[in-house]
Amino acid sequence: MMKKIKWGNLYLWLMFVVLYLPIIFLITYSFNAGKVMQGWSGFSLKHYGELFADTRILEIVVNTFLVALLSSLLSSVIGTAGALYIYNIKHALTKNVFLSLNNILLVSPDVIIGAAFLILFTVMGFSLGFTSVLLSHIAFSIPIVVLMVLPRLQEMNRSLVASAKDLGANNWQMLTRVILPVISPGIFAGFFMAFTYSLDDFAVTFFVTGNGFSTLSVEIYSRARQGVSLEINALSAMMFMVSLALVLIYYVISTRAAKSKKQGTRLVLPASEGL
Amino acid sequence: MSRVKWHAFLVTIYLLTKSEGWELTNTSTPIIEFKNVGLSYDDNEVLKNIDLSLEAGKFYTLLGPSGSGKTTILNLISGQLTATHGDILFEGNIINDVPVEKRNMNTVFQDYGLFPNMNVFDNVAFGPTIKRMSKTDINAKVTEMLDLVKLSDYADREINELSGGQRQRVAIARALANDPEVLLLDEPLSALDYKLRKDMQYELREIQQRLGITFVFVTHDQEEALAMSDWIFVMNDGVIQQNGSPEDIYDEPINHFVADFIGESNILDGIMKTDYLVHFTGKDFENVDAGMRPNERVEVVLRPEDLDLTTIENGKLVVTIDDQSFRGDYYEITALDDDGNEWQVQATNKAEIGERVGLTFDPEDIHIMRFNESEDDFDARLESYEDDADDAKE
């Protein structure tokens, strides 16, 4: 019995193979016993051993996650407040100006944002390091959060706000008991997206880091320049696993949220960039 | 106290009892009052100089087509909107600047506005929770309210698991859980199907009478308004066209708009030749209206259900049947008279299309509307008929 070939499926699989082949290649060689990417000389975990012995790398991993966590948390708060503000602007032109200002930041190249921040920090006499990286990460994450939260607000039924007021709620009660719970999927998506953006940002961080402070992407870049070590493969493999885990966690939480509320709409999965 | 002073004191007391101020405390103050209230957006006047007065414990309906200003009045009462000019009073106190959340009234919104992040219980408990009532009180209140709207078994349901009718009930329970003195309803039944709407009309009326609070109901459905209300305000173009009991509004429409909007009407141009004699479709008819200038131009209203088909000899008018459809308890007939006027008739007897028949009606079925008659003049005219009728009896 001949099975009919589904060309669409075949194409899809081919695409995924092309997309994931480099990553799979990289991960495979992180287990190579040899020192280089050419020639497979047997399975070994020695590169992972080297990695865990490298205290600088471990420190950088902690730094990277700390920056990602702090910047995404803070930008979620600021971005949500910003989205609420834009939502409440009555004047159409003002609203569009704010929205455009937000979107310009989102589409402008990272290199320019990074260079701009570098100039700003230098002019202000701000020493480069953890704080400068954190601040710039917050800055480029805010527009992402705004963009994820605003549609949720616009979808929200206006009469929810009217009802809350009508039933005697003040502005704070209305915000905490009605608006924030209703738009929480958007905030959640914004947080996750900001987190992944921060985690894998290279361009902006490259400009504003200094004084020995580094994040993973910058560190991998500088090490790769000095010559390929399979330790980097091990590190990249682990980072890939972390982002995979993040996506899975996100998926589980969002399906559970969708199931418990039966809202039918699943959260928008953030487009996570390859690490 | 000297004699003179004592006397002055007694006179003052006497005058006080006679004064209007004293009277007001004795007679009941309207629960809601509008004094020359208007609302404009830029140059667009949405509401023009509205005066109205609502008594506590009654079922009021604001009836009108969309854009007539009925929902605007509701939003002014609730405080969602602020008037451009005029005063809004609640139990005699001006509440123009009192914010929504401080007014002792609640609203059932057209799309219900139920909180999707809470279940039925928490939705109804929202108001009492905000008021910081105790847990036991909240439980009691929510149970009572869900009982009132017959949703006792649905406390744990999520909002999106409910049907439209059930959501409607939750919205009513939630609004009533705050013990409002006035419940405002903004076209709450418009999203329901016909049968459900009928049931809810009946139930809303029952709830209102059980609680004894004031309901202000907004609708564009005249049938709904007639079925539920104690008192109807018919709105158009930001003006109250007529207000009165459902019977008043139906039987004595004040102008073309009201006659046309409430129920079906045959409206014709006519002339009041003298008192009790009106001329239309080229003939004179005896009627019960008086007090107009001789030969004053008027509009004549005849309700389809007041018209009957009869033989040509017995008919006051002769018409040709143009169209006919069966409506269950009557036939909806369209007929043309010899002048080409179209007549809507609701008849119990069947006719043949093309058949010439007589049309008959009683003198009191002829309703006369003067052009541009003010509501006060109209009321005065109606009262004079009643006086005449009383005189006749004596």
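Of all the listed residues (B/Asn178, B/Asp122, B/Ile130, B/Leu184), the one sharing the greatest number of non-hydrogen pairs under 4.5 Å with chain A is B/Ile130. With chain B as partner, the option from A/Gln173, A/Lys165, A/Met156, A/Arg158 having the largest number of non-hydrogen pairs under 4.5 angstrom is A/Lys165. Among A/Ala162, A/Pro181, A/Ser184, the residue making the largest number of heavy-atom pairs under 4.5 Å with chain B is A/Ala162.
Taking the centre of each ring, A/Tyr85 and A/Phe98 come in below the 6.0 Å mark.
Side-chain atoms of B/Asn119 and B/Asp156 include no donor-acceptor pair closer than 3.5 Å. Judged by distance alone, the side chains of B/Thr107 and A/Asp166 do bring a donor and an acceptor atom under 3.5 Å apart.
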>> B/Lys102 vs B/Asp97, test: salt bridge (charged side-chain N to carboxylate O under 4.0 Å, His left out). Steps then yes/no.
In response: CA-CA 10 Å; B/Lys102 297 268 159 62; B/Asp97 300 323; over 6 Å; no
>> Is there a salt bridge (charged side-chain N to carboxylate O under 4.0 Å, His left out) between B/Lys48 and B/Glu45? Walk through the geometry before answering.
In response: CA-CA 7 Å; B/Lys48 296 163 195 163; B/Glu45 209 176 5; 5.1 Å; no
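Formation of a donor-acceptor pair under 3.5 Å by the B/Thr219 side chain with backbone atoms of B/Asp221 is found in this model.
Residue contact with chain A, scored on non-hydrogen atoms closer than 4.5 Å, is absent for B/Arg103. Looking at B/Phe115, the atoms closer than 4.5 Å to chain A (heavy atoms on both sides) sit in the backbone and in the side chain alike. Contacts of A/Asn157 with chain B are made by side-chain atoms alone, with heavy-atom separations under 4.5 Å and no backbone atom involved. Looking at B/Ala177, there are no atoms closer than 4.5 Å to chain A (heavy atoms on both sides), in backbone or side chain. Contact of B/Asn106 with chain A is made through backbone and side chain together, with heavy-atom distances under 4.5 Å. The part of B/Leu114 that comes within reach of chain A is its backbone (N, CA, C, O), which places non-hydrogen atoms under 4.5 angstrom from that chain.
Residue B/Lys58 qualifies as open at atom NZ: its count of foreign heavy atoms under 6.0 Å is 12 or below.
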